Engineer: 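Sharing a structure below in structure tokens format, with a few things to ask.
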Amino acid sequence: MAQKPSIPKGTRDFSPVEMLRRKYIFNTIERVFQKYGYLPLETPAMENLETLTGKYGEEGDRLIFKVLNSGDFMQEVRDKWDAKYGSGPVEATADVIRDMRALALDVKASQVTEKALRYDLTVPFARYVVQHQNEIAFPFKRYQIQPVWRADRPQKGRYREFYQCDADVIGSKSLLSEVELVQLFDDVFTALDLQVAVKINDRKVLAGIAEISGQPEKVVDIVTAIDKLDKIGQEKVEEEMRAKGVSNEAITRIAPLFALRGTWAEQRPQLEQWLASSAIAQQGLKDLDFTFANAGTLHNARLEFDPTLARGLDYYTGAIFEVKALEGSLGSSICGGGRYDDLTGIFGLKNMSGVGISFGADRIYDVLLETGKFPAELGGSTKLLFANFGETEALHCLKLLRQVRESGIAAELYPDTVKMAKQFKYADDKGIAFVAILGENELKQGIITVKDMKSGEQRAVKEDELITLLS
RNA sequence: GUGGUUGUAGCUCAGUUGGUUAGAGCGCCGGAUUGUGGUUCCGGAGGUCGCCGGUUCAAGCCCGGUCUACCACCCCA
């Protein structure tokens with residue numbers, strides 16, 4: 001027997017049942033995106049490597065999937081080697097090894113790879129905006145639902161290929177966008193019937209905290225440390241900051257952060273006082289005020305200020321978002337997002353502020369499955385099956401089948417004349433609601449016996465009554 | 001990328017200190033029912049024990065490597 005086939009690490013097949021559920025998620029999100037005025041966009045699976053590198057931080061760069069150039073980029077190396085030593089075996093003297101090393105080091109990275117799979121949808125979007133700036137009406141609101149790839153080590157809820165559903169608005173600094181995105185989160189999770197916490201913070205507040213500490217240059221180290229607060233606790237956070245070279249004095253100045261509790265309204269005065277001397281922090285707080293004041297009544301989403309929320313992506317400059325499910329056991333976030341003031345600047349287009357969010361469809365799937373939130377009827381399966389009794393009967397059914405389908409009802413005719421038990425089992429397995437039995441007897445009388453598979457009841461109807469019965 | 005756990009039938013799992021033909025439940029196929037699924041009864045098929053190598057008279061079991069899934073870091077959807 002041949003070796004069983006397999007798929008690459010961290011990738012998955014999706015069965016028909018899984019696809020119906022996934023489509024339910026995608027369709028729900030897409031419908032809401034459209035309702036908010038976002039327009040669809042797709043970009044290629046591959047980008048030029050240089051488009052992606054340096055946009056996601058050190059960690060991110062390591063996780064980019066690079067695509068090997070086609071063609072034999074080692075040919076030149078082989079030719080040079082053969083020219084000097086021929087193709088036969090060579091004794092590995094020090095000189096020979098030195099030559100080998102020199103030849104290997106001579107291969108430029110760009111000869112090996114110059115393309116990479118997209119790591120997220122935001123950077124390709126920024127690239128698109130810069131490339132097509134003259135055709136776009138700003139502010140530009142687009143949504144994009146496509147897979148992304150990360151060379152991460154897979155774990156539960158963490159895949160190497162997964163889908164993101166992004167909505168971004170670029171070309172406006174208005175905080176109305178932040179408000180809109182909070183409402184959009186609420187809209188989607190209300191439609192999906194899932195309770196969530198939408199956590200919000202602002203990079204400007206984080207920058208202010210670093211400023212207050214007296215070590216503004218340590219902002220990244222400080223922020224990534226406090227990001228872990230709920231996971232490892234205050235002591236370990238301080239330990240980590242110390243390890244990264246943050247002084248004890250600075251840590252003392254950061255300490256009020258750990259005492260913050262309660263709602264935005266409750267924390268606000270403390271923040272005001274603590275961060276009074278930082279202009280940038282004050283701006284961040286004011287921006288957050290606006291979002292909290294105008295988000296309005298939310299249904300399934302609870303908007304929470306979280307001063308420890310940092311998010312790793314380098315390009316965020318203003319608001320940052322993260323969504324966690326309040327139901328189910330998945331601790332990690334199911335959505336992320338934030339404002340970036342200069343993402344397009346790196347591609348040569350200045351003064352283009354944007355803000356966007358991303359739904360992690362795969363994780364939302366896991367949560368909905370665990371909590372039993374998928375609707376029972378996902379409308380993917382056939383409603384009526386015509387049993388096949390033989391050529392004459394089947395050809396008669398074919399005509400009826402056409403009418404049934406034209407009336408918008410999903411129906412099929414069993415293709416082979418096999419025993420009834422097998423045909424009924426097929427209907428059962430596929431979750432088909434009704435089976436039309438049209439054998440010799442029915443044909444003679446001009447009727448159809450329709451069996452309701454759920455109740456097991458059967459009734460005879462005239463051919464022209466069939467569609468009414470089903471609709 | 002670092003450290004760890006895991007792998008036996010399509011699925012979930014047994015398998016004694018290494019010892020003859022590796023088992024169960026569910027599922028699948030066939031029959032009881034030649035026009036009736038989901039319930040019942042009877043029968044059947046299906047395994048190079050993840051893969052490669054080693055130790056041994058003998059390996060599903062011990063050792064090494066490798067791949068996979070999972071867990072903790074790191075990071076993140």
Side-chain angles (χ1 to χ4, degrees), chain A residues 1-12 15 25 29 56-64 118-122 145-166 220 224-225 227-228 231-232 236 240 309-314 316 320-325 330-338 356-367 385 387-390 393 414 417-443 448-458 460:
Chain A
M1 199 173 81
Q3 178 84 17
K4 262 189 197 168
S6 62
I7 55 176
K9 189 204 294 237
T11 65
R12 296 154 298 158
S15 68
I25 295 173
I29 292 172
Y56 307 108
E58 249 176 87
E59 269 309 306
D61 276 2
R62 210 189 68 209
L63 299 179
I64 293 172
R118 75 169 98 74
Y119 177 92
D120 71 355
L121 301 177
T122 306
I145 299 175
Q146 286 189 278
V148 302
W149 294 268
R150 294 185 188 175
D152 211 352
R153 189 178 285 209
Q155 265 179 52
K156 199 178 191 66
R158 178 183 253 188
Y159 309 99
R160 289 185 143 185
E161 178 185 61
F162 61 96
Y163 272 74
Q164 286 190 336
C165 313
D166 276 29
V220 173
T224 52
D227 187 45
K228 297 173 191 160
K231 215 168 172 183
I232 62 176
K236 289 267 173 75
E240 182 168 327
L309 174 63
R311 299 191 55 79
L313 296 179
D314 275 0
Y316 290 125
I320 41 186
F321 300 105
E322 190 164 288
V323 176
K324 285 191 174 176
L330 187 76
S332 40
S333 59
I334 54 178
C335 304
I357 53 173
S358 180
F359 289 79
D362 302 79
R363 287 186 177 174
I364 293 171
Y365 181 100
D366 291 346
V367 173
L385 175 75
N388 187 322
F389 280 85
E393 293 88 344
Y414 197 89
T417 308
V418 295
K419 56 191 291 188
M420 279 307 109
K422 189 163 176 131
Q423 302 195 35
F424 274 87
K425 188 166 162 30
Y426 172 82
D428 195 42
D429 287 346
K430 216 169 158 178
I432 297 174
F434 298 95
V435 175
I437 302 154
L438 211 158
E440 203 181 338
N441 301 338
E442 285 85 356
L443 202 55
I448 307 167
T449 305
V450 178
K451 175 162 180 167
D452 180 332
M453 292 298 282
K454 204 170 253 171
S455 65
E457 281 167 30
Q458 271 180 211

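Because only heavy atoms are used, hydrogens play no part in the values below, and waters and symmetry mates are left out as well, while side chains stay in. The sequence lines fix the lettering, A, B, ..., with proteins before strands; numbering per chain opens at 1. Fair warning: this is a prediction, and the values are worked out from it, not measured in the lab.
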Engineer: Under the side chain to side chain donor-acceptor pair (under 3.5 Å) criterion, do E161(A) and T11(A) qualify, and how do the steps go?
Structural biologist: CA-CA 6 Å; E161(A) 178 185 61; T11(A) 65; 5.7 Å; no
Engineer: With nearest nucleotides of RNA chain B determined for A151(A) and S358(A) from heavy-atom distances, which residue corresponds to the more 5′ nucleotide?
Structural biologist: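 Of the two residues, A151(A) wins.
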Engineer: So, OP1 or OP2 of rC75(B): does either fall under 4.0 Å of a side-chain N or O from K228(A)?
Structural biologist: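 Looking at the OP1 and OP2 atoms of rC75(B), one of them is under 4.0 Å from a side-chain N or O of K228(A).
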Engineer: Round to a whole Å and report the spacing from CD of E161(A) to P of rA69(B).
Structural biologist: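 Nearest whole value for this atom pair: 13 Å.
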Engineer: Can you tell me, in whole Å, how much space there is between the P of rG44(B) and that of rC49(B)?
Structural biologist: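 Result for the P pair: 24 Å, nearest Å.
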Engineer: Check every atom of rC76(B), rC75(B), rC73(B) against the side chain of Q155(A) and return the nucleotide holding the closest atom.
Structural biologist: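 Of rC76(B), rC75(B), rC73(B), rC73(B) is nearest to the side chain of Q155(A).
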Engineer: NA contact type, Y163(A), heavy-atom cut-off 4.0 Å: base, sugar-phosphate, or nothing?
Structural biologist: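 No contact at all - Y163(A) keeps every heavy atom at 4.0 Å or more from the nucleic acid.
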Engineer: Taking only residues two or more places apart in sequence or in another chain, which ones pass salt bridge (Lys or Arg N to Asp or Glu O under 4.0 Å) with K419(A)?
Structural biologist: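 Listed in chain order: nothing, the list is empty.
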Engineer: Write down the distance separating the P atoms in rG18(B) and rC62(B), rounded off to the nearest Å.
Structural biologist: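 Nearest-Å result for rG18(B) against rC62(B) at atom P: 8 Å.
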Engineer: Select base, sugar-phosphate, or nothing to describe what S333(A) touches, counting heavy atoms under 4.0 Å on all strands.
Structural biologist: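 It contacts sugar-phosphate atoms only.
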Engineer: So how far is it from D452(A) CG to E457(A) CD, rounded to the nearest 0.5 Å?
Structural biologist: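 Reported to 0.5 Å precision, the distance equals 6.5 Å.
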Engineer: For each nucleotide in nucleotides 32-41 of chain B, reading 5' to 3', give B when a protein heavy atom comes within less than 4.0 Å of its base, S when such contact involves only the sugar-phosphate, and - otherwise.
Structural biologist: ---BBBB---
Engineer: Can you check the distance between rA9(B) and rU5(B), where both ends of the measurement are the C1' atom (answer in whole Å)?
Structural biologist: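 Their C1' atoms lie roughly 24 Å apart.
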Engineer: Send over the distance from R160(A) CZ to rC75(B) P, rounded to a whole Å.
Structural biologist: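 Checked: the CZ to P distance equals 18 Å.
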Engineer: Taking the side chain as every heavy atom from C-beta outward, state whether F389(A) and I437(A) have any pair of such atoms under 4.5 Å apart.
Structural biologist: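 Yes. Closest side-chain heavy atoms under 4.5 Å.
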Engineer: Mind calculating the distance between CZ (R150(A)) and P (rC74(B)) to the nearest angstrom?
Structural biologist: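 Whole-Å distance recorded here is 17 Å.
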Engineer: Roughly how many Å apart are rA14(B) and rC75(B), using the P atom of each and rounding to a whole number?
Structural biologist: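 Their P atoms lie roughly 37 Å apart.
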Engineer: Would you kindly compare L63(A) and P8(A) by the position of their nearest RNA chain B nucleotide and give the one closer to the 5′ end?
Structural biologist: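 Between the two, 5'-proximity favours P8(A).
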Engineer: Roughly, in whole Å, what's the span from CD in Q146(A) to C1' in rA77(B)?
Structural biologist: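 Rounding to the nearest Å, CD of Q146(A) and C1' of rA77(B) are 16 Å apart.
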Engineer: Might you confirm whether atom CD of Q458(A) has over 12 heavy atoms from other residues, nucleotides or ligands at distances under 6.0 Å?
Structural biologist: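 More than 12 heavy atoms, drawn from other residues, nucleotides or ligands, come within 6.0 Å of this atom.
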Engineer: CD1 of I232(A) versus P of rC73(B): gap in Å, rounded?
Structural biologist: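 In whole Å, rC73(B) P and I232(A) CD1 are 9 Å from each other.
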Engineer: Rounded to whole angstrom, note down the P distance from rC41(B) over to rU48(B).
Structural biologist: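 Straight-line distance between the two P atoms is 31 Å.
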Engineer: Do C335(A) and F359(A) come within less than 4.5 Å of each other through their side chains, counting heavy atoms only?
Structural biologist: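 Counting from C-beta outward, C335(A) and F359(A) do come under 4.5 Å.
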Engineer: Which is true for G157(A) with a 4.0 Å heavy-atom rule: it touches a base, it touches only sugar-phosphate, or it touches nothing?
Structural biologist: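 The answer is base, as G157(A) lies within the cut-off (heavy atoms under 4.0 Å) of a base atom.
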Engineer: Whenever both distances are under 3.5 Å in a Watson-Crick or G-U wobble pair, mark it; put RNA chain B into dot-bracket that way, with [ ] for crossing pairs and | when the partner is on another strand.
Structural biologist: (((((.(..((((.....[...)))).(((((.......))))).....(((((..]....)))))).)))))....
Engineer: If the condition is salt bridge (Lys or Arg N to Asp or Glu O under 4.0 Å), which residues does K422(A) pass it with, not counting sequence neighbours?
Structural biologist: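 Per chain and number, K422(A) pairs via salt bridge (Lys or Arg N to Asp or Glu O under 4.0 Å) with no residue.
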Engineer: Could you point out which residue of K9(A), R158(A), R160(A) forms a salt bridge (Lys or Arg N to Asp or Glu O under 4.0 Å) with D152(A)?
Structural biologist: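 That would be R158(A).
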Engineer: Taking the C1' atom of each, how far is rG47(B) from rC57(B), in whole Å?
Structural biologist: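 It comes out at 26 Å once rounded to the nearest Å.
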Engineer: Taking atom P of rC70(B) as reference, at what distance in whole Å does atom CZ of R158(A) sit?
Structural biologist: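 It is 11 Å, rounded to the nearest whole Å.
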Engineer: Classify the nucleic acid contact of G390(A) as base, sugar-phosphate or nothing, counting any heavy atom under 4.0 Å across all strands shown.
Structural biologist: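 Contact class for G390(A): none.
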Engineer: Distance check needed: rC70(B) P versus K9(A) NZ, whole Å only.
Structural biologist: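 The distance from NZ of K9(A) to P of rC70(B) comes to 11 Å, rounded to the nearest Å.
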Engineer: Taking atom P of rG1(B) as reference, at what distance in whole Å does atom CG of D152(A) sit?
Structural biologist: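 Between P of rG1(B) and CG of D152(A): 10 Å.
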Engineer: Which whole number of Å gives the distance between the C1' atom of rG38(B) and that of rG60(B)?
Structural biologist: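 Per the computed distance, 38 Å lies between those C1' atoms.
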Engineer: Could you label the plane-to-plane angle of the Y119(A) and Y56(A) rings as parallel, tilted or perpendicular, counting under 30° as parallel and over 60° as perpendicular?
Structural biologist: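 Y119(A) and Y56(A): tilted rings.
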Engineer: Looking at rA77(B), rC70(B), rC74(B), which one has an atom nearest to any side-chain atom of K156(A)?
Structural biologist: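 Among the listed nucleotides, the one closest to the side chain of K156(A) is rC70(B).
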Engineer: D362(A): which residues meet the salt bridge (Lys or Arg N to Asp or Glu O under 4.0 Å) condition with it, sequence neighbours left out?
Structural biologist: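 So D362(A) forms a salt bridge (Lys or Arg N to Asp or Glu O under 4.0 Å) with R12(A), R22(A).
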Engineer: Mind checking salt bridge (Lys or Arg N to Asp or Glu O under 4.0 Å) for R153(A) and listing every partner two or more places apart, or none if nothing turns up?
Structural biologist: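 R153(A) satisfies salt bridge (Lys or Arg N to Asp or Glu O under 4.0 Å) with no other residue.
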Engineer: Give me the distance, rounded to whole Å, that separates rA59(B) from rG53(B) when you measure between the C1' atoms they each carry.
Structural biologist: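 rA59(B) and rG53(B) have their C1' atoms separated by 13 Å.
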Engineer: Donor-acceptor pair under 3.5 Å: do we get one between R363(A)'s side chain and the base of rC76(B)?
Structural biologist: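 When only heavy-atom distances are counted, R363(A) does reach the base of rC76(B) through a donor-acceptor pair under 3.5 Å.
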